[in-house]
A.B. asks: 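Starting off with a structure, shown below.
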Amino acid sequence: MSGFEINMTTSGPRQAPLEVAPDTFVIRAITASTGGTWTNLNSMIIRAAEPVIVDTGMVTHRTAWFEDVFSLVPPHEVRWIFITHIDGDHAGNLVEALGRCANATVVTSRAESYRTSACLGIPLERMRMIEDGETFHVGDRALRAVRPPVYDSPYTRGLFDPSTRVYYSADAFCAPMPQSPVDWVDEIPPLLWAQGMARFQHIALCPWIALVDQTLFKAEVDRLASLDIGVIVGAHTPAIRGATVPQALQHLIALPRFRPD
Ligand SMILES: [Fe+2]
Ligand SMILES: [Fe+2]
């Protein structure tokens with residue numbers, strides 16, 4: 001017992017799951033953020049032959065998160081829970097999800113698996129370790145762990161599905177959600193999106209970006225670009241598709257030179 005009720009007052013309007021590619025859905029929530037903006041708190045479902053949950057949402061949105069997830073995949077069919085990293089906004093419902101999804105195995109990086117075991121009490125027997133560039137098979141496809149160029153935990157791994165060309169980027173590409181929520185970043189005025197994304201990375205996600213070698217950092221973004229991504233799903237951004245994918249990558253490359261006000 002915590003001795004208090006979970007604060008739900010910062011929740012924004014509810015958004016239904018968004019199908020961004022065949023059998024690939026963003027599970028969405030919105031919460032109040034700095035400066036009167038909203039922030040997305042996304043996770044994802046891949047209805048592969050062996051269904052995959054990618055990140056497990058927030059404690060504050062637990063009821064809605066389970067409703068949305070189980071509207072797409074029954075609990076007993078969930079086979080994998082990929083955790084990008086165990087920040088509370090990405091693993092908020094992990095323990096409960098493992099309890100309700102008896103056939104699920106957690107997949108995360110080696111270092112994060114030990115932290116997950118120590119912090120959340122999840123036995124290593126229910127975890128599988130995966131490193132940057134490695135794949136794991138989910139019945140009808142192989143998913144690849146790919147570290148995003150920017151992150152707030154070096155244990156972070158994104159997830160790329162070559163069959164749909166959807167990349168789940170964890171915290172990378174975070175950007176403010178407008179007061180009237182949208183599904184895709186191409187519904188936001190381009191300059192507003194670009195500036196909001198740059199500010200979010202510099203202030204909230206990776207202040208170290210101002211210290212990096214620009215050439216080395218560009219090579220890291222180019223490594224991601226070489227995947228030929230069709231859709232980027234980030235935990236804290238409307239989804240990114242089409243022409244906004246290369247634009248998002250260019251915005252990342254420019255980050256070391258950007259100086260927030
Ligand atoms: Fe994080
Ligand atoms: Fe996050």
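In listed order, ligands and their atoms are each counted from 1. Side chains are part of it too, since the values below use all heavy atoms of this structure and drop only hydrogens, waters and symmetry mates.
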A.B. asks: Are more than 12 heavy atoms from other residues, nucleotides or ligands located less than 6.0 Å from atom OH of Y155?
C.D. replies: no
A.B. asks: Can we say R223 and D132 salt-bridge, meaning some charged N sits less than 4.0 Å from an Asp/Glu carboxylate O?
C.D. replies: yes
A.B. asks: Between E220 and R147, is the salt bridge (Lys or Arg N to Asp or Glu O under 4.0 Å) condition met? List the steps.
C.D. replies: CA-CA 10 Å; E220 188 71 359; R147 190 180 69 185; 3.5 Å; yes
A.B. asks: Just wondering, is there an N, O or S atom on H90 that's nearer than 2.8 Å to the Fe ion (ligand 2)?
C.D. replies: yes
A.B. asks: How are the rings of H90 and H85 set to each other: parallel, tilted or perpendicular (split at 30° and 60°)?
C.D. replies: tilted
A.B. asks: To 10°, measure the OD2(D89)-the Fe ion (ligand 2)-NE2(H236) angle for me.
C.D. replies: 90°
A.B. asks: Looking only at N, O or S atoms, which one in D171 sits nearest to the Fe ion (ligand 1)?
C.D. replies: OD2
A.B. asks: Can you give the angle D152 OD1 - the Fe ion (ligand 1) - D87 OD2, rounded to 10°?
C.D. replies: 90°
